[in-house]
Amino acid sequence: MNKTMLALAVSLLVSTQGCSDSAPTPPSKTTESVAAAVVEKTASQQYLDMVDAFFNEQLKLEPIYATFVGVNDYNDQFGGSLTEEYLTQRHQLNSRYFELAKSIDVSQLTPSLKLSYDMFVYDRNMELIGETYPERFLPINQFYNTVFTMVQLGTGESAQPFNTVQDYKNWLSRLRGFIKWISLAQQRMDEGIASKVVLPRVLVEKIIPQLDAQLVDGAKNSLFYSPINLMPDSFTADEKSELAKEYQGLIDNELLPALTQLRQYVSETYLANARASDGWWGLPNGKDWYQHLANSHTTTTLPVDEIHQIGLSEVARILSEMDKVREQVGFKGDLSELFASLASEPQYFFTDKQDLIDGYMAIKEKINAVLPQYFDVMPKADYIVKPVEAFREKSAAGASYQSPAVDGSRPGIFYINTYNLKAQPKWGMTTLSLHEAAPGHHFQIAIKQELTDVPQFQRFQGYTAFEEGWALYAEYLGIEMGVFSDPYQYFGKLSDEMLRAMRLVVDTGLHAKGWSREQAIQYMKDNSPMAESDIVAEVERYMAIPGQALSYKVGQLTILRLRADAEKALGDKFDLKGFHDQLLTTGSLPMAVMENKIADWIKSESAKK
């Protein structure tokens, strides 16, 4: 899965963009036309033309990504994804624009475009490095995969529009492309078997029931048939009848047989060839590959051994803070006994799913009341709280965020997984709301979408280190905002922070130090009150997408360091709202680029009288 599509897959859980027919269409420029105009335009205009041309070509190459960013020109296309033609075109796209960027006089760019330029060049370089590793041999896993993406799109309640007859036909065309992808995915997995680049056995075992859930008895029982049940009243009876017939025929005759074949392949051929090792170290050149993934996800050059040590240090610090809370609430047992109490006693859990959702709505109102004291810039879009859909609740994360529609027609969504209420303790609710909703993911992602003075690619690009680092910083900010007056809610904040610190230890342990799945699970059980089902899901997530979980804590620590640097340098001139504006008003940036931005801001603020 390439970086763009991995970002899209992640976005399905934390930052899925909506779409509309009125969404902006990028200008139709090509690399050649931009290059020809270089001598006639200012450096800033050259850069803007270049990145617009790149974005246009990227959307054509990644049509599902285009749908999610609100560009509907390619809604009938699935994209090559795993084909040799696609891989070649992706390489050419990144290498051409990497070279073209070098022709621009960076010294003549405006300060904001210099940041954008650094971001653009960083991306192209990381993409080209990433191509040297055989990620195409691992097209699916139990946590993120194209089947999930297509199910969500096909429900009629995601980014794929189903407003006109043509919209319905576009989806049929895209679905045919998906059916071809299913066959090609099996070919790529065969190549992976031959190259010893395969998933761990335990992850393959988790994919099988996910596929089983889609193997229903007849099209009308399939989630892919859902749009037929949502057809607008404006459709004529003949149009409805024809579409229903086409959908039923494609699902019954092509899609369900293809999914059945994929299930058979995974359960028989692929499972038999799955690997016994749990970490990336068990793959050819796996440790080098993992270091690259760590660099890519954290947008730093930190060695994985150093990240592991940071994690151990943070775990020790947070355990000490937790013990102070234990003393404050007068708990008589030790910390492990407090963990057991918080994880099991009935008073810490809801028994009704709707009560859990209502509880988060009450927290939303409490947090919203104090946000203006800490932010000048806030998103125009609101967010709502919803339970995770039934079709994915068994394997989905405990909570996630889906961004508003680009055109403002749909609010952001704070998803809560109500499948297992024992995994949703009351004492964890405040910190989770701060992280996933406001001022966490909702602020950062919605504001990014609403920016009007940055190139389009910048509005939709994302870096986990910044976005998750910001969300974890938002949890920290909750202390200053006074929303952790209840010591149990503060313990919940520490518990969530502990999760991110343990990730540094466990992710690097699994992929660089030879840890087993069981060793990773036990480490997390020993150091947190998390439900065992959540711990298992977390560990298996790290096994499936190595390095991604490192970005949370590394990003937060970087933001806290930048704030401390600014407070020390500016003294009485430091303005917290201004600092937050600097972080939020240029979209998502690699941490090194953000460091340069804050350094420039400090110089600018220091010069003011």
Side-chain angles (χ1 to χ4, degrees), residues 13 141-144 199-207 209-210 277-280 307-308 311-312 314-316 318-319 322 334-345 348-349 356 388 392-400 415-429 431-432 435-436 468 472 475 491-553:
L13 295 181
N141 60 59
Q142 90 292 353
F143 200 74
Y144 299 138
L199 291 175
R201 181 180 181 86
V202 68
L203 300 192
V204 181
E205 291 172 343
K206 293 296 174 69
I207 296 173
Q210 293 175 344
S277 59
D278 294 325
W280 234 240
I307 293 173
H308 188 81
L312 292 172
E314 281 292 284
V315 167
I318 297 166
L319 282 174
M322 285 178 161
D334 61 20
L335 200 53
S336 64
E337 291 173 308
L338 177 59
F339 287 167
S341 171
L342 292 172
S344 62
E345 293 189 22
Y348 299 124
F349 303 93
L356 177 64
V388 171
R392 65 184 180 97
E393 65 181 0
K394 291 183 181 180
S395 59
S400 59
Y415 277 112
I416 299 296
N417 195 335
T418 59
Y419 177 71
N420 177 15
L421 292 179
K422 287 293 185 181
Q424 297 286 359
K426 295 178 182 179
W427 44 263
M429 293 173 68
T431 194
L432 191 59
H435 181 104
E436 297 290 349
E468 296 294 353
L472 192 49
E475 297 178 29
F491 187 91
K493 183 263 180 194
L494 292 173
S495 178
D496 272 13
E497 188 176 16
M498 175 62 84
L499 168 60
R500 282 51 177 253
M502 291 189 299
R503 284 173 171 174
L504 301 186
V505 179
V506 171
D507 198 291
T508 53
L510 281 167
H511 297 298
K513 296 184 176 297
W515 283 26
S516 68
R517 170 181 174 273
E518 290 70 29
Q519 185 178 355
I521 290 171
Q522 189 61 50
Y523 180 86
M524 296 184 74
K525 290 173 68 175
D526 290 343
N527 288 285
S528 80
M530 291 175 62
E532 184 169 358
S533 61
D534 279 358
I535 289 176
V536 171
E538 284 285 326
V539 169
E540 291 176 353
R541 164 186 171 173
Y542 312 151
M543 291 165 60
I545 48 171
Q548 192 269 348
L550 304 176
S551 53
Y552 296 68
K553 192 64 180 172

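Below, all heavy atoms of this structure are taken into account, side chains as well, without hydrogens, waters or symmetry copies.
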Does the side chain of V539 reach to within under 4.5 Å of the side chain of L510, using non-hydrogen atoms? yes
Is there side-chain contact between S528 and M502, with at least one heavy-atom pair below 4.5 Å? yes
Could you walk me through whether L421 and F349 pass side-chain contact (heavy atoms from CB on, under 4.5 Å), step by step? CA-CA 7 Å; L421 292 179; F349 303 93; 5.6 Å; no
Does the pair V506 and E538 meet the rule for a side-chain contact (heavy atoms from CB on, under 4.5 Å), with working shown? CA-CA 10 Å; V506 171; E538 284 285 326; over 6 Å; no
Are the charged groups of K553 and E468 less than 4.0 angstrom apart, N to O? no
If only side-chain N and O atoms count, and only distance matters, is there a donor-acceptor pair under 3.5 Å linking D526 with Q522? yes
Hey, could you give me the CG/CD1 distance between L504 and I307, rounded to the nearest 0.5 Å? 7.0 Å
Give me the atom names and distance for the closest heavy-atom approach of H511 to P546. NE2-CB, 3.3 Å
Say whether, by atom type as modelled, one donor and one acceptor occur between the side chain of Q424 and the main chain of G398 under 3.5 angstrom. yes
Are M524 and V505 close enough that some pair of their side-chain heavy atoms sits under 4.5 Å apart? no
Would you give the length of the straight line joining atom CZ of R541 to atom CG of D507, rounded to the nearest 0.5 angstrom? 9.5 Å
Residues E345 and S341: closest non-hydrogen pair is OE2-OG, 2.6 Å
Determine, stepwise, if the pair R201 / V204 fulfils side-chain contact (heavy atoms from CB on, under 4.5 Å). CA-CA 5 Å; R201 181 180 181 86; V204 181; 5.6 Å; no
Does a side-chain heavy-atom distance below 4.5 Å link Q519 with D278? no
Close side-chain approach of L199 to I207, heavy-atom, < 4.5 Å: yes
Is the shortest side-chain heavy-atom distance between R500 and E314 below 4.5 Å? no
Taking all heavy atoms of S277 and all of P200, pick out the closest pair and write down the distance. O-CB, 3.5 Å
Counting only heavy atoms not in Y419, do more than 12 sit closer than 6.0 Å to its OH atom? no
Could you tell me which residues satisfy side chain to side chain donor-acceptor pair (under 3.5 Å) with K525, sequence neighbours excluded, listed by chain and number? none
Keeping the roles fixed (side chain from T431, backbone from G428), state whether a donor-acceptor pair exists under 3.5 Å. no
What I'd like to find out is whether the side chain of L550 reaches to under 4.5 Å of the side chain of R503, using heavy atoms alone. no
Polar side-chain atom of H435 near backbone of E475 as donor-acceptor pair, under 3.5 Å: no
Once ring-ring contact (aromatic ring centres under 6.0 Å, His included) is applied, do any residues pair with Y523, and if so which ones, sequence neighbours excluded? W515
Would you call the rings of F491 and W427 parallel, tilted or perpendicular, taking 30° and 60° as the class edges? perpendicular
Distance check, rounded to the nearest 0.5 Å: F143 atom CZ versus I545 atom CD1? 5.5 Å
Between V536 and R517, is there a side-chain heavy-atom distance shorter than 4.5 Å? yes
Strictly distance-based, threshold 3.5 Å: is any side-chain N or O of Q142 a donor or acceptor partner for the main-chain N or O of A544? no
Could you state the interatomic distance from CZ (F339) to CE (M322), rounded to the nearest 0.5 Å? 4.5 Å
Rounding to 0.5 Å, atoms CG (L499) and CG (N527) come to a distance of 11.5 Å
